[in-house]
Amino acid sequence: METDKATNFIEEIIDADLKAGKYKSIITRFPPEPNGYLHMGHAASICLNFGVAQKYGGTTNLRFDDTNPVTEDTEYVDSIMADVKWLGFNWANVFYASDYFEQLYVFAVQLIQQGDAYVCDLTADEIAAQKGTPTEAGTHSPYRDRSVAENLALFEAMRDGKYKEGEKTLRAKIDMSSSNMLMRDPLLYRIKFAHHHRTGDKWCIYPMYDFAHGQSDSIEKITHSICTLEFIPHREVYDWLIEKLGIYPSKQYEFARVNVNYTVMSKRKLLQLVNENHVTGWDDPRMPTISGMRRRGITANAIRTFCEKAGIAKREKVNEFSLLEFCVREELNKIALRRMVVFQPLKVVITNLDKEIELNIENNPEDENGGTRQLMFTNEIYIEQEDFVEVAQKKIFKMEVGQAIRLKGAFIVQCNEVIRNADHSIAEIHCTYYANSQSGQDTSGVKVQGTLHWVSSKYAIPVEIREYDRLFKVENPADEEGDFKDYINENSLNIVNTALAEPSLKEATLTHHFQFLRKGYFYLDKESNPSTIIFNKTVGLKDNWSKK
RNA sequence: UGACCGAUGGUGUAACGGUAGCACAGAAGUUUUUGGUGCUUUUAGUUGAGGUUCGAAUCCUUGUCGGUCAACCA
């Protein structure tokens with residue numbers, strides 16, 4: 001059954017289970033709560049859950065863990081489904097924990113009948129007080145020994161809306177002196193008169209996570225229920241409930257959440273960034289959300305590669321953002337169409353050119369079948385301001401008076417003269433071109449000191465460029481003193497609106513990824529329109545030079 | 001100072017009693033009509049102390065450090 005060697009401890013477990021004949025095939029599930037957008041941490045969980053099922057010939061369910069109606073919404077359901085699909089995974093079924101509310105109620109009644117659950121009248125504060133502490137045993141609720149009949153009647157009355165929120169709960173009768181706080185008679189049901197995004201106002205009692213998750217797993221016959229480390233203490237409750245109920249014994253396994261430095265990876269914190277307008281939305285390109293990364297131009301492939309390289313383990317970890325950048329560049333280098341865009345234009349006049357010359361330039365040197373595009377070389381062009389230097393430096397790759405340089409895909413030009421404005425600032429540069437130096441058919445023999453990107457002033461189109469920096473100034477905002485928002489990098493967005501692009505970029509769509517030569521990888525923003533063409537910088541080119 | 005989980009280069013991850021390897025990051029070189037890409041080389045690691053063993057990252061004991069748990073959240 002197994003294809004390759006297990007590459008992590010989860011796969012080792014599955015390997016062993018399959019070999020032992022414990023299961024014929026496996027079923028996993030990805031169980032998001034629809035109360036926020038998916039982020040890189042979820043991507044790791046998605047890749048793991050769908051990945052192992054694929055590898056071992058099993059299936060994966062998408063299950064919305066929608067047991068808390070006050071925070072959940074269909075907006076999130078829609079975005080989650082879109083994100084999972086975009087990442088490239090297909091679920092066998094879409095389920096909702098709310099699909100099982102009736103069954104869960106029956107399970108609860110069974111527990112009551114077995115004497116394993118009771119209705120408790122204690123308030124939240126009272127329950128907290130009698131719960132004890134990690135080093136001190138708790139005390140029994142005075143309602144712990146109600147009769148089965150009384151519990152049954154009370155629980156039914158809870159369902160019927162006879163009590164107010166907080167007035168009564170259903171609790172499992174386990175062990176108030178357990179060293180595991182979660183085993184001290186955990187709540188199973190609470191009363192909430194809230195409108196549920198799917199069941200509407202049908203219910204006023206809702207199961208807690210502990211009484212929904214494992215039961216849902218069991219109903220779906222999930223073989224390997226993979227969750228994050230913080231659920232380790234829940235496993236004891238998970239197993240206890242399944243055993244008492246006598247239902248399909250799904251098993252829970254835990255792995256470490258994936259984090260990335262210089263950002264935060266919690267829905268609660270990301271929600272704050274959105275609500276307090278530190279970013280423009282869940283899909284702001286600076287956000288580590290799947291939708292944010294997608295909008296920025298990061299590909300699903302790159303995210304999957306990143307998750308694979310980040311690996312699966314049982315210890316808390318923080319991955320370096322540079323690993324993600326590497327995965328993005330590796331992918332984009334292969335597929336991005338090369339284009340030229342000048343961010344800060346400097347006019348260059350080719351004084352000996354009296355015609356327009358049509359050029360064909362390759363779309364991607366890494367892709368033989370990438371084809372070419374047409375560009376016009378004209379006697380007035382723009383280069384990058386910083387690509388002209390007045391003071392000669394050692395090892396320069398720039399334009400300089402008296403020196404020759406190549407214009408990418410076009411000709412070698414000799415820089416002759418700087419024309420100045422009244423205030424002595426540079427107005428334009430005058431050059432002459434070598435007619436026999438055309439790219440690909442150069443017979444000039446002229447040595448150049450580098451190659452520059454350029455655009456024709458006649459044909460160039462204005463574009464807006466949005467460049468992004470890390471969202472936080474510190475590696476791990478959650479670990480710092482005080483509020484994580486104190487460490488927000490207020491310069492994380494830089495908008496360039498002086499940029500001029502080669503005309504082919506008018507046709508850019510969201511199916512294209514671009515490399516603007518010598519600038520980085522860029523992707524059309526969803527706010528782009530024919531009158532304002534906007535590109536997001538996905539990631540810069542690797543730069544070994546500016547550091548030296 | 002309870003229970004549970006964990007500890008391998010800067011970061012992440014392998015090794016399943018038998019040569020500590022890989023990737024990212026860093027450094028050096030090379031190629032290059034992108035200071036990109038490619039290619040070559042290279043720096044750097046087993047949490048401390050004891051034990052078991054011919055042999056320990058791995059097994060045992062113990063210390064240290066980190067994380068989690070006392071939401072009617074998931």
Checklist entry - If we call it a pair only when both distances are under 3.5 Å in a Watson-Crick or G-U wobble match, what pairs with B:G66? => result B:C5

Checklist outcome for this item: Taking a pair to mean Watson-Crick or G-U wobble geometry with both distances below 3.5 Å, B:G45 pairs with none

Checklist outcome for this item: Testing B:C24, B:U68, B:U34 for proximity to the side chain of A:L323, the answer is B:C24

Checklist entry - Looking only at side-chain N and O atoms, does A:N544 come under 4.0 Å of OP1 or OP2 in B:G36? => result yes

Checklist entry - Rounded to the nearest Å, what distance is computed from the CG atom of residue A:L229 to the C1' atom of nucleotide B:A3? => result 16 Å

Item to check | Closest nucleotide among B:A74, B:U34, B:A23 to the A:T67 side chain | outcome: B:A74

Next on the checklist: When the C1' atoms of B:G18 and B:U13 are compared, how many Å lie between them, rounded to an integer?
Outcome noted: 22 Å

Item to check | Separation between the C1' atoms of B:U43 and B:G6, rounded to whole Å | outcome: 29 Å

Checklist entry - What is the nucleic acid contact for A:E126, judged by heavy atoms within less than 4.0 Å: base, sugar-phosphate only, or nothing? => result nothing

Checklist entry - With both distances under 3.5 Å as the test, what is the Watson-Crick or G-U wobble partner of B:U40? => result B:A28

Checklist entry - Taking the C1' atom of each, how far is B:A70 from B:G2, in whole Å? => result 12 Å

Checklist entry - Taking the same atom, C1', in B:C69 and in B:U37, what whole-Å distance lies between them? => result 50 Å

Checklist entry - If you look at every strand shown and take non-hydrogen atoms under 4.0 Å, does A:H234 touch a base, only sugar-phosphate, or nothing? => result base

Checklist entry - Looking for any heavy atom pair under 4.0 Å, which part of the strands does A:A124 touch: base, sugar-phosphate only, or nothing? => result base

Checklist entry - What distance, rounded to whole Å, do you find between the two P atoms, one in B:U31 and one in B:G12? => result 37 Å

Item to check | Pairing partner (Watson-Crick or G-U wobble, both distances under 3.5 angstrom) of B:G12 | outcome: B:C22

Next on the checklist: OP1 or OP2 of B:G36 versus the side-chain N and O atoms of A:R518: is any pair under 4.0 Å?
Outcome noted: no

Checklist entry - Which heavy atom in A:L541 sits nearest to a heavy atom in A:K519, and how many Å separate them? => result CD2-N, 3.7 Å

Next on the checklist: Is A:K317 close enough to B:U13 that one of its side-chain N or O atoms is under 4.0 Å from OP1 or OP2 there?
Outcome noted: yes

Item to check | Positive for side-chain hydrogen bond (donor to acceptor under 3.5 Å, both in side chains) with A:H453, one of A:R339, A:R338, A:E384 | outcome: A:E384

Checklist entry - For the base of B:U68, is there a side-chain donor-acceptor partner from A:E316 under 3.5 Å away? => result no

Item to check | Phosphate-side-chain proximity, A:T7 and B:U13, N/O vs OP1/OP2 below 4.0 Å | outcome: no

Checklist entry - Checking all strands, does A:L122 fall into the base, sugar-phosphate, or nothing category for heavy-atom contacts under 4.0 angstrom? => result base

Next on the checklist: Could you check whether any side-chain N or O of A:Y238 sits under 3.5 Å from a backbone N or O of A:I232, counting only pairs where one atom can act as donor and the other as acceptor?
Outcome noted: no

Next on the checklist: Should the side chain of A:E254 and the base of B:G6 be counted as holding a donor-acceptor pair, with the cut-off at 3.5 Å?
Outcome noted: no

Next on the checklist: Between A:R235 and A:Q252 (side chain of the first, backbone of the second, donor and acceptor by atom type, cut-off under 3.5 Å), is there such a pair?
Outcome noted: no

Checklist entry - Counting side-chain heavy atoms from C-beta on, which of B:G12, B:U68, B:U33 comes nearest to A:N319? => result B:G12

Item to check | Nucleotide paired to B:U34 in any strand shown, Watson-Crick or G-U, under 3.5 Å | outcome: none

Next on the checklist: Using a 4.0 Å heavy-atom cut-off, does A:S322 contact any base of the nucleic acid, only the sugar-phosphate backbone, or nothing at all?
Outcome noted: sugar-phosphate

Checklist entry - Which word best sums up how the rings of A:H234 and A:Y209 line up, parallel for under 30°, tilted for 30 to 60°, or perpendicular for over 60°? => result perpendicular

Checklist entry - If only side-chain N and O atoms of A:K192 are considered, is one of them under 4.0 Å from the OP1 or OP2 phosphate oxygen of B:C73? => result yes

Checklist outcome for this item: Which of B:G35, B:C72, B:G36 is nearest the side chain of A:L541? It is B:G36

Item to check | Protein-nucleotide distance (A:N8, atom CG; B:C22, atom C1'), rounded to Å | outcome: 16 Å

Checklist entry - Under 4.0 Å: is that the gap between some side-chain N or O of A:R190 and OP1 or OP2 of B:C73? => result yes

Next on the checklist: Donor-acceptor check, side chain of A:E11 to backbone of A:T7, threshold 3.5 angstrom: yes or no?
Outcome noted: yes

Checklist entry - Got more than 12 heavy atoms from elsewhere within 6.0 Å of CD, A:E165? => result yes

Item to check | Pairwise P distance, B:U41 and B:C22 [rounded to whole Å] | outcome: 11 Å

Checklist entry - Which nucleotide, B:U33, B:G36, B:G12, lies nearest any side-chain atom of A:K408? => result B:U33

Next on the checklist: What's A:V318 touching, base or sugar-phosphate or nothing? Going by heavy atoms closer than 4.0 Å.
Outcome noted: sugar-phosphate

Next on the checklist: Taking only the C1' atom of each, what is the distance from B:G9 to B:A23 in whole angstrom?
Outcome noted: 13 Å

Checklist entry - Among B:C4, B:G35, B:G36, which nucleotide sits nearest the side chain of A:K398? => result B:G35

Checklist entry - To the nearest Å, how far apart are A:F397 CZ and B:U32 C1'? => result 11 Å

Checklist entry - Is A:T451 side chain donor-acceptor paired with the B:U34 base, going by distance under 3.5 Å alone? => result no

Item to check | Which residue lies more 5' along RNA chain B, comparing A:F516 with A:F9 via nearest heavy atoms | outcome: A:F9

Checklist entry - Just how far, in rounded Å, is P of B:U13 from NZ of A:K314? => result 13 Å

Checklist entry - Which is true for A:E320 with a 4.0 Å heavy-atom rule: it touches a base, it touches only sugar-phosphate, or it touches nothing? => result base

Next on the checklist: I'd like to know if A:E230 reaches the base of B:G67 with its side chain, counting only an N/O donor and acceptor under 3.5 Å.
Outcome noted: no

Checklist entry - Pick the nucleotide of RNA chain B nearest each of A:K267 and A:A313; which residue has the one closer to the 5' end? => result A:A313

Checklist entry - Can you find a side chain N or O atom of A:R329 that sits less than 4.0 Å from OP1 or OP2 on B:U34? => result no

Next on the checklist: With side chain to side chain contact (heavy atoms under 4.5 Å, CB included) as the test, pick out the partner of A:Y433 among A:L407, A:I412, A:I350.
Outcome noted: A:I350

Checklist entry - Under 4.0 angstrom, heavy atoms only, what part of the nucleic acid is A:P31 near: base, sugar-phosphate, or nothing? => result nothing

